[in-house]
Amino acid sequence: KQFAMFEIHGGLIFKNEVSGACGGIGANSSTYLNMTGGIISKNTSNSIGGIGFVSDGTGFFNLYGGNIEYNVVYTNGGGGVFVNNANFNMYNGVIRKNKARKSHGGGCYFSDSNIKIYGGEISENEAGYYNTNGLVFEGGGIFNNVNVNFEMYDGKITKNVSGDLGGGIAFYNKTCTGTIYGGKIT
């Protein structure tokens, strides 16, 4: 099987707007995305804020470094990072101050994926807002939707805010599994 390879080692992806999906970067199908540096910041979208990674189950998004920050999604999933049907490994880097206004997952939104956090920081992200029915939406730092296998070995998930459940991490569906081996969630 052929894979697309996309690498980010530096630079700035800044203040992009889209009325559809993926304000900063969109990658799909059989892709290997490796980010070792650079900044993805202040991108806005109706669906998926900073990086959208949608695969066929074979793709990998490896975050080794860099910052994903100040991105905003208005209505559908993942202010900073959205991963669906893929493998996400976070070794280092920072996902911070992203917002999901009317959606889950201020920092990260995961669905049908294998997630491993080995290091780095997910901090000061926000999910949800006030409406006439009160606070809504979950997962300020991380929102695990359905069929997610989540493992955390090290790193920090700190100072995230949610409109409803899971300021740090939310598990939405009984098809999700989660194991924390180490790290800090404060």
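Values below: every heavy atom of this structure, side chains too, minus hydrogens, waters and symmetry copies. These figures come from a predicted structure and were not determined experimentally.
- Tracing side-chain contacts under 4.5 Å through hydrophobic residues (I, L, V, M, F, W, Y), one reaches Ile95 starting from Ile180; they form part of the same cluster.
- In terms of modelled atom types and a separation under 3.5 Å, the side chain of Asn125 and the main chain of Asn160 share no donor-acceptor contact.
- Contacts of Tyr70 classified as side chain to side chain contact (heavy atoms under 4.5 Å, CB included), with partners at least two apart in sequence or in another chain: Ser41, Lys42, Arg96, Lys97.
- Linking ILVMFWY side-chain heavy atoms closer than 4.5 Å, directly or via other members, places Val94 and Ile122 in two distinct hydrophobic clusters.
- With sequence neighbours excluded, no residue satisfies side chain to side chain donor-acceptor pair (under 3.5 Å) with Asn28.
- Annotation: side chain to side chain donor-acceptor pair (under 3.5 Å) contacts of Thr36 (sequence neighbours excluded): His9.
- With side-chain heavy atoms closer than 4.5 Å counting as contact, directly or through intermediates, the hydrophobic cluster containing Tyr74 also holds Val72.
- Hydrophobic clustering (side-chain heavy atoms under 4.5 Å, transitive across Ile, Leu, Val, Met, Phe, Trp, Tyr) keeps Ile25 apart from Val73.
- For Asp154, there are no side chain to side chain contact (heavy atoms under 4.5 Å, CB included) partners at least two apart in sequence or on another chain.
- Through direct or relayed side-chain contacts under 4.5 Å between Ile, Leu, Val, Met, Phe, Trp and Tyr, Phe14 connects to Leu12, Ile39.
- Met5 places a side-chain heavy atom less than 4.5 Å from the side chain of Asn34.
- Sorted by first and then second residue, the pairs that involve residues 34-59 and meet ring pair (Phe, Tyr, Trp, His ring centres under 6.0 Å), not counting sequence neighbours, are Phe53-Phe61.
- Leu33 is listed as a side-chain neighbour of Ile51, based on a closest heavy-atom distance under 4.5 Å.
- Side-chain contact, Asn85 with Asp112: no donor N or O sits under 3.5 Å from an acceptor N or O.
- Listed here is the closest heavy atom pair of Gly38 and Met35: O-CE, 3.8 Å.
- The closest side-chain donor-acceptor pair between Thr186 and Thr158 falls under 3.5 angstrom.
- Using modelled atom types and a 3.5 Å distance limit, the side chains of Asn76 and Ser103 yield no donor-acceptor pair.
- In terms of the ring-ring contact (aromatic ring centres under 6.0 Å, His included) criterion, residue partners of Tyr153 (sequence neighbours excluded) are, by chain and number, Tyr118, Tyr181.
- Among residues two or more places apart in sequence or in another chain, the side chain to side chain donor-acceptor pair (under 3.5 Å) test is passed with Ser19 by none.
- Not counting sequence neighbours, the partners of Asn144 by the side chain to side chain contact (heavy atoms under 4.5 Å, CB included) test are Phe110, Ile142, Val148, Phe150, Ile169, Phe171, Cys176.
- Between the side chain of Ser30 and the backbone N or O of Ala4 there is no donor-acceptor pair closer than 3.5 Å.
- Although no hydrogens or angles enter the test, the distance criterion places a donor-acceptor pair under 3.5 Å between the side chain of His104 and the main chain of Glu138.
- If you chain together ILVMFWY residues whose side-chain heavy atoms come under 4.5 Å of each other, Phe82 ends up grouped with Ile48, Val54, Tyr109, Phe143, Tyr172.
- Considering only residues two or more places apart in sequence or on other chains, Thr75 meets the side chain to side chain contact (heavy atoms under 4.5 Å, CB included) condition with Asn46.
- When atom types are taken as modelled, the side chain of Asn43 and the backbone of Asn71 share no donor-acceptor pair closer than 3.5 angstrom.
- Looking only at distances, no side-chain donor or acceptor of Asn89 sits under 3.5 Å from a matching main-chain atom of Phe60.
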